[in-house]
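Below you'll find the structure, written out as structure tokens, and then a few comments.
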Amino acid sequence: MKGYDGGPLVAGESQLARPGFWSNYLLAMCSDGACAERPAPEWFGDDVADADAMSEVLFDPEHWPAFRVPAEDGPGAVVIYRNMVGDYGTDYLLTHPDRSCAQQIASWEGDFSGIGLTWHELVRIADTSSAAAEGVQDTAARLLLLLPLLTDPDLPEAAPARLTATLAAAGAPQETASITAEHLLAHLERRSRHDPTWKSPLSGS
């Protein structure tokens with residue numbers, strides 16, 4: 001993949017079903033101190049030991065997990081753990097059917113930077129998996145992988161229910177999935193920077 005020639009990329013899709021993955025991946029969004037309660041792996045059905053063990057896998061400098069989210073028609077996405085010593089971060093790239101290389105649109109290095117997606121754009125990619133391409137096919141996992149890209153200040157009324165069902169499908173406890181969804185969306189809305197006058201990255205521009 002262009003721009004990652006010096007990094008030991010490995011397919012990360014097999015890690016999605018392991019205990020501790022989703023708490024590692026999503027709890028970082030709740031690190032701004034705005035929660036009345038301390039974010040915990042249990043929100044996602046994990047425990048601290050699971051989360052710690054998964055961290056060692058995800059942040060291994062010798063293996064940079066890449067999670068491919070191919071789409072049937074239109075842009076897809078790739079999420080890469082950039083485990084460069086001294087320059088750790090998570091990069092978000094879009095793949096375009098008519099382009100040979102991926103386009104980085106955002107990154108997470110303790111905070112989000114870059115261009116995000118609206119809720120409708122995020123859902124469109126999550127719901128249009130390509131069975132012919134390698135990568136994540138499960139709709140719930142696809143949506144959760146893309147969730148950190150959400151920069152939409154005007155979420156539709158259906159968004160919390162959709163995210164609640166998605167979290168439950170990924171292993172979050174049924175009795176707390178709605179609260180976890182509320183926490184995540186509240187943090188995303190607080191740092192939302194989506195400007196409707198910007199040209200969408202899905203346009204391929």
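With a 4.5 Å cut-off on side-chain heavy atoms, Glu42 and Asp47 count as touching. Counting heavy atoms from C-beta on, the side chains of Leu184 and Leu147 come closer than 4.5 Å. Pro75 has its side chain within reach of Arg124: a pair of non-hydrogen atoms, C-beta onward, lies under 4.5 Å apart. Taking the side chain as every heavy atom from C-beta outward, Pro148 and Trp108 never approach each other to under 4.5 Å. Counting heavy atoms from C-beta on, the side chains of Glu189 and Pro153 never come closer than 4.5 Å.
The distance from atom CH2 of Trp43 to atom OG1 of Thr176, rounded to the nearest 0.5 Å, is 9.5 Å. Atom-to-atom distance recorded for Leu117:CG and Leu122:CG is 6.0 Å, nearest 0.5 angstrom. Note that the CG atom of Leu163 and the CG atom of Leu144 stand 6.5 Å from one another [nearest 0.5 Å]. Between the CG atom of Leu146 and the CG atom of Leu143 there is a distance of 6.5 Å, given to the nearest 0.5 Å. For the atom pair CZ (Arg142) and CZ (Arg68), the distance works out to 12.0 Å, reported to the nearest 0.5 Å. Atom CG in Asp111 sits 12.5 Å away from atom CE in Met29 (nearest 0.5 Å).
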Run the side-chain donor-acceptor check on residues 57-66: report pairs under 3.5 Å with partners two or more places apart or on a different chain.
from  : atom 1 : to    : atom 2 : distance (Å)
Asp60 : OD1    : Glu62 : N      : 2.9
Asp60 : OD2    : His63 : ND1    : 2.8
Trp64 : NE1    : Pro61 : O      : 3.0
Trp64 : NE1    : Asn83 : O      : 3.4

- [ ] Applying side-chain contact (heavy atoms from CB on, under 4.5 Å), run through Thr164 and Thr180 and close with a yes or a no.
- [x] CA-CA 8 Å; Thr164 296; Thr180 300; over 6 Å; no

Open item on the list: Before you tell me yes or no, could you show the steps for Phe112 and Leu188 under side-chain contact (heavy atoms from CB on, under 4.5 Å), namely the whole-Å CA-CA distance, both residues' side-chain angles and the distance that decides it to 0.1 Å?
Closed with: CA-CA 10 Å; Phe112 180 86; Leu188 288 165; over 6 Å; no

TODO: Tell me, with the steps shown, if Ile80 and Val78 meet side-chain contact (heavy atoms from CB on, under 4.5 Å).
DONE: CA-CA 6 Å; Ile80 296 175; Val78 182; 3.8 Å; yes

Open item on the list: side-chain contact (heavy atoms from CB on, under 4.5 Å) for Leu155 and Leu150? Distances and angles first, verdict last.
Closed with: CA-CA 10 Å; Leu155 293 175; Leu150 183 64; 3.8 Å; yes

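Considering all non-hydrogen atoms of both residues, Ser107 and Arg82 come closest at CB-NH2, 4.2 Å. Closest heavy-atom contact between Thr166 and Ala140: CG2-O, 3.4 Å. Taking both residues in full, the closest heavy atoms of Gly116 and Glu121 are given as O-OE1, 4.5 Å, listed atom of the first, atom of the second, then distance. Between Ala106 and Leu149 the shortest heavy-atom distance is CB-CD2, 3.7 Å. Residues Ala40 and Leu27 share a closest heavy-atom pair of C-CD1, 3.6 Å.
For the 3.5 Å distance criterion, the side chains of Asn24 and Ser55 qualify, holding a donor opposite an acceptor.
Between the Glu56 side chain and the Ala53 main chain, no donor and acceptor come within less than 3.5 Å of each other.
Taking a cutoff of 4.0 Å between a charged side-chain nitrogen and a carboxylate oxygen, Arg18 and Asp46 do not qualify as a salt bridge.
Aromatic ring orientation, Phe21 versus Tyr25: parallel (interplanar angle below 30°, classes split at 30° and 60°).
Residues meeting the side-chain contact (heavy atoms from CB on, under 4.5 Å) test with Ser130, sequence neighbours left out: Pro70, Glu72, Ala132, Ala133. Evaluation of the side-chain contact (heavy atoms from CB on, under 4.5 Å) rule for Pro160 yields Leu185 as partners, not counting sequence neighbours.
Under the 4.5 Å side-chain contact rule for hydrophobic residues, Tyr88 and Val10 do not share a cluster.
Within 6.0 Å of atom CD in Glu134, 12 or fewer heavy atoms from other residues, nucleotides or ligands are found, so the atom counts as exposed in its surroundings. Around the CG atom of Asp87, the shell of radius 6.0 Å holds more than 12 heavy atoms that belong to other residues, nucleotides or ligands.
The six-membered or imidazole ring of Tyr92 lies away from that of Phe67, with a centre-to-centre distance of 6.0 Å or more.
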